[in-house]
Structures are given as C-alpha cells and as structure tokens.
Amino acid sequence: MTEPSSVSASTTTRATGPVSGPPRTGPAGRAAGAEWSALPDWEKRFRASRVSLPEWAPDAPDRALFVSNATGTHELYAWDRGTGRQRQVTDRPNGTTDGALSPDGEWIWWFADTDGDEFGVWMRQPFAGGADEPAVPGLAPSYPAGLALGRDGTAVVGRSTEEEGSTVHVVRPGGEPVEVYRHRGSAGVGDLSYDGTLLVIEHTEHGDAMHASLRVVRPDGSLVAELDDTKGGTKALGLAVMGFAPVDGDRRLLVGHQRRGRWEPMVWDVASGRETELDLDLPGDVSAEWYPDGSGLLIVHDHAARTELWRYDIASRRLSRVDTPAGSVSETTTRPDGTVEYLWSSAAVPPAVRSTTGAVVLAPPGPQAPPSVPVEDVWVEGPGGRVHALVQRPAGAAGPLPTVFDLHGGPAWHYSDAFSAVPAAWVDHGYAVVRVNYRGSTGYGREWTDALRHRVGLIELEDVAAVREWAVSSGLADPERLVLTGGSWGGYLTLLGLGTQPDAWAVGIADVPIADYAAAYRDQMEALRPLDRTLFGGSPEEVPERYRASSPITYVDRVRAPVYIAAGVNDPRCPIRQIENYVERLAARGAAHEVYRYPAGHGSLVVEERIAQLRQELEFAARHLPAAGGTRPGGG
C-alpha cells in the first residue's frame, strides 16, 4: 500500500484555524523520550513525521503548500516561507492530500470526498486562514480529473462521472461553469498556459486508455491544435502533458512522448506546430519540467530504479548534471533563483526535502524515522526479458530466509530505491523482501510497460515466478516460507498468484485487491473502465473468457495458502462487493482466511490505521508460516 506524501490534483489510474510555528505534534510524532525509545523501529518509521515537497505559488514564491502526517493523519499545511509561519489547512477524520495553490498564493484549493471514496467537490480556503467555501458551487460532485488555476482567477476543472463520462469545465471569476469538453473515454486537464489563453486536454477518444493524445483549445472550447501519436503505426504511442512554458505569451508546451521506445520530453510550439525532440542520450525513462524563466528544463532521469537530475539549456542544447545523492527523487521543483528542491530518499535512508544549495528545505517536527537496510539489485532472465528485482535482507542474516515477495500497484508504476516503512518492517522481523518490477512496470521502456494486453495478470506472474526461482536457487529464500503480498494491483496479483501458483506460496496477504474482475469492472469508478477495456480488448460482456482467465475468483478453489485480505469499505478502485464474492467462496470450503474491513477508501491516510493493518499482517504471517524446515500449512 502506498504511503501518501505529495500534494496532488489529478486522478491516478489505479493519491481549522491558524496555528503559528511548525505543524502541531499529534499522534504521529507525540511520543518522545522514553516512550519513543520503547517503540519498535518499524512503528517509529510510521509515527515519525513526514513532509512532502512544498508546492509554491508562481506569483508569490514565498507561499507554499505541503502535506504532513504530523497530527497522525496526512493533511494539507500552508507555509509562509518569508515569515516561517506554518498552519494546518485541513483537518478531516480520514485525511486530505489533494490540493493546489492559486498562482497569486491567495487561495488554497482542496478536494473534499467522503471517507476516502474519491467522489466529491473542490473546496477553497484563504491562504491566511478562514472558512472553507465551495470553490465551484455550480459543479456537482464527481471524481477529479485534473485541475488548472489561472492568474486571472479562472479555474479549469476536470471531472469524471458514470453518467457523463469525462468532462472539462472552465469557470471564470464570478461566472458559472462552462463545459468545454465531454467524452465517454478517459480524459483530464493537462495544463493552462501562463497567460490563460490556451488549455491542453489529455484524452483517449481513440479508445486506447494506455496512450493519451493531446488537444489544445481556447477557454471557450474552440480548437487550436492536436497532437496524436496513436495513428500511422502498428502500435500506439502515448503522449503526456509536462506543462506550458512559464512565460507570458509563450506558446511552447513541454510534452512527453514514446517515439523512441521510452518516455522522453520534447517541446511543441503550439502556435507554429514545430516539434523539437531532445536527444538526451540517457537510458530509461525521462521526464522534465520548466525552469521558471523558460530558458531551460529540469530533466528527471529514471533508470534501473534510481533517479538522476540534469539541467538542459534550450539555447545551447547542453546537458549538465544536477548533483543529488544516489537513490530516488520522487518530487522536484525549480525555484525562481534557479535552485532545485527535491524530495529524496533511498531504501536505507528516510526521505528529506533537499535543495541544490545543500540545505534541508523543510524538516518535519519531532523524532525522525530510523534507517533501514539498503537494497541489492538482481536481474533475472524471464520469459519476456530480463526482470529487475530489488532485494533487502536483515543485516548479517544467512539464508535460506522466510521471504516476502512484495508486488507493486499500478500496474503502470515501479519499485525504486526509495524509503518505505513496509518492507523495512518485514526486514526488522527477520524476513528477506523481494520487490519485482514485472512486465507492465514503468521505467524499463514502452515495450515492457505495454506487455500486459489480453493475458492480464498472468504475464506479470510469469516474471514473479522467474524471480522466485532465482531466490530459492540462490539460497536467499526458504521455498517453504514464502509470502506473496501486495496492494491494489499488487493485491490483485497476490490473489491471482495464490490460485494459479498454489504450490509456490505459503501465505498470501492482499491489500485492497481486485478479486472478482468482472464484478470489479461493474462497480469501480468510471475512469478505470476504459483502462480495463484497453488491457483486455473489451468489456466483460465482449471478451468474457479473458476476464475469466485473469480473475482470481476463477482459481479460488485451488488456493491452498492461508489468505489475509484488507479492504476499504469506500474503495472506488477495488470495490468491496467483488472482494466479498471472493471471500464467500473461501468461506464456503473452509479455507483459512482473515478479512479486515476498514472505514476508508483505497488505502488509509491515518497513521494508526496503517500501523494496525501492518501489525495484523505481520502476526498473520507469523501464525501461518512453518518453522524453518517445517511442513507448510495446507500440506506439501
């Protein structure tokens, strides 16, 4: 399950009164002295306060917005960098992480859903503090699909509902929302130009939800230009908005493309139509963002689960290294003076918001999280190519060890050399942890990411099986004490793996999984259905055999390992009804299982809830794994 930390105003495909001084210390960080010392390290990592990279207002750079768990729940905080004053903006039982600053820094927008169901409305609050008010009173609740705020007070709001599909509305100051886009396919707001005269929309009207096209329109909805890489070839290529140049009157749009088999940036001059691709000669995926004066690009290079930063000067076309420590950079921003601020961590070192000046930009209050052990890189030959896995093991421990195979969500995501409290907790309890970047993962080129079609789930598990074979044959893993686990898509793969590879796993732990794919399709949020149709080649009614072959419930009667499932009762992505279908089948045959239902959505933003869940999972594994050299539960 993910550990939220960032300010976000977009939908992913499968995240009070004024208070002076630092964020108030609550359940996440209140333990101190002897009380803190008495906690086990794995709990300290969850309870230690964290902060995201602050997002700053372009026209008021000293005004910033960030997320922290300092009260025990992830919430939004305002920070006046000039005075040092910070205050908590939101205070809700299940937390808040989606927010944005208006360009002038006067308003904080935040998304208000109901207990994690992701369905709601945008609210706003003055930066200096005050009452919340509906940001766009004329728009009914929906799932969010992007937000862009203009310098003149204009707002561009992306929405998704089952009834309307994807819509985009433009809201002028004091005016009513005007719909400028609508389509049944998935779509969302890309960006608004610096002067507010152009709007770019990412859409999938061509029917391939894995590869977006771009449409630039004026605020009245009239067409300006289109960019579509899905035509003219045997395989569709995707495009992604990286942002308009932050200069008045500038029509350059930074675009991510896949024309050379990986994500790379290019500059598209919308006015002239000229496309300038950047030959950066960097392996792996590359993203970018503008420097504030528009003269250069901050290049974020992701390769082999690590991150590098570079500056690309547009005039000279020269690339120069921006020094960062070895590890992963999860968020970046460039300040008006040209310095770069970034959120950095490694598997061994907890995250910190750093600057290229060498300073720590924003330090969380209270005791800090203990470190963990570094990762080892493993490359294994799999049926579709070399599979990259990240391995952590207890310091000084000799194998074979009980081993946790932790599968990431997404599926378009990947594990990196970044700090995470979950694998660190397993390592503290004597387990090795293997995290597999199976086919479908990002960071290894387009062919790797796009490999999932039609044999969904089964392809990923072939890669997991290859890494499992290596782990056992190398002496790392005890074949009788293997735990398969993951959250979201990783939870789906866990349940599918328990049924399709029943002899391979001793215990299964699935957080917010897809368990009955056809039922999940019917109940999930509207924006995810186009993705499923792309992956499977149609809906459950159109290609029922593919959904049946890739659905965990098809194989539930073959499951031998004890199963633990955690489910959010308000989850719109992996809805609870389809999980109940699977659990009923387990119960009908008396299979060993436990189900934990919690009152939130696709994961929890509450520290105590996350600790409680992981404690249950650790205890479940300890109860059901055999002792070293013992007999596996279920026989065999």
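Residue indices begin at 1 and follow the sequence shown. From a predicted model like this one, the values you see are computed outputs, not experimental measurements.
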Heavy-atom side-chain contact between [X] and [Y] under 4.5 Å:
X	Y	answer
P383	R439	yes
R615	L618	no
R393	V427	no
I299	P265	yes

Test: [X] and [Y] ion pair at under 4.0 Å:
X	Y	result
R262	E264	yes
E277	R259	yes
E164	R184	no
R533	E542	no
D406	R435	no
D523	R573	no
R589	E584	no

Rounded to the nearest 0.5 Å, what's the gap from [atom1] on [X] to [atom2] on [Y]? Could you check?
X	Y	atom1	atom2	value
R585	H593	CZ	NE2	13.0 Å
N581	D516	CG	CG	5.0 Å
T204	H183	OG1	NE2	7.5 Å
Y582	Q578	OH	CD	11.0 Å
L282	D302	CG	CG	11.5 Å
D228	E205	CG	CD	9.5 Å

| query | Do the two ring centres, one from Y596 and one from Y564, sit under 6.0 Å apart? | reply | no
| task | Measure centre to centre between the rings of Y521 and F536, then say whether the value is under 6.0 Å. | result | no
Any side-chain donor paired with an acceptor under 3.5 Å for [X] and [Y]?
X	Y	result
D229	H211	no
S441	H408	yes
H301	T307	no
Q524	D571	no
H414	T442	yes
W489	E460	yes
H303	Y444	no

Could you tell me whether the side chain of [X] and the main chain of [Y] form a donor-acceptor pair under 3.5 Å?
X	Y	result
Q392	V373	yes
T494	G508	no
Q501	L461	yes

How close do [X] and [Y] get, counting heavy atoms only, and between which atoms?
X	Y	answer
S166	G185	OG-O, 2.8 Å
S160	S142	O-CB, 3.7 Å
G443	D285	N-OD2, 3.0 Å
I459	R453	CD1-O, 4.4 Å

| said: Using side-chain hydrogen bond (donor to acceptor under 3.5 Å, both in side chains), reason through E609 and Q613 one step at a time and then give a plain yes or no. | reply: CA-CA 6 Å; E609 178 63 42; Q613 289 181 30; 2.9 Å; yes
| note | Per side-chain hydrogen bond (donor to acceptor under 3.5 Å, both in side chains), E594 is matched among R623, H624, Q616 by R623
| Should the heavy atoms of other residues, nucleotides or ligands under 6.0 Å from CD of E289 be counted, would the total exceed 12? | yes
| task | Just do the salt bridge (charged side-chain N to carboxylate O under 4.0 Å, His left out) check on R306 and D377 with the steps written out, would you? | result | CA-CA 11 Å; R306 274 87 178 176; D377 293 274; 2.5 Å; yes
| request: Step by step, work out the side-chain hydrogen bond (donor to acceptor under 3.5 Å, both in side chains) result for N570 and E118. | output: CA-CA 9 Å; N570 298 320; E118 302 182 46; over 6 Å; no
| query | Can you name the residues that form a salt bridge (charged side-chain N to carboxylate O under 4.0 Å, His left out) with R455, not counting sequence neighbours? | reply | E462
| request: Name the orientation class of the two ring planes belonging to Y517 and Y492 (parallel below 30°, tilted from 30 to 60°, perpendicular beyond 60°). | output: perpendicular
| side-chain hydrogen bond (donor to acceptor under 3.5 Å, both in side chains) between H206 and S213, worked out | CA-CA 8 Å; H206 44 72; S213 299; 3.3 Å; yes
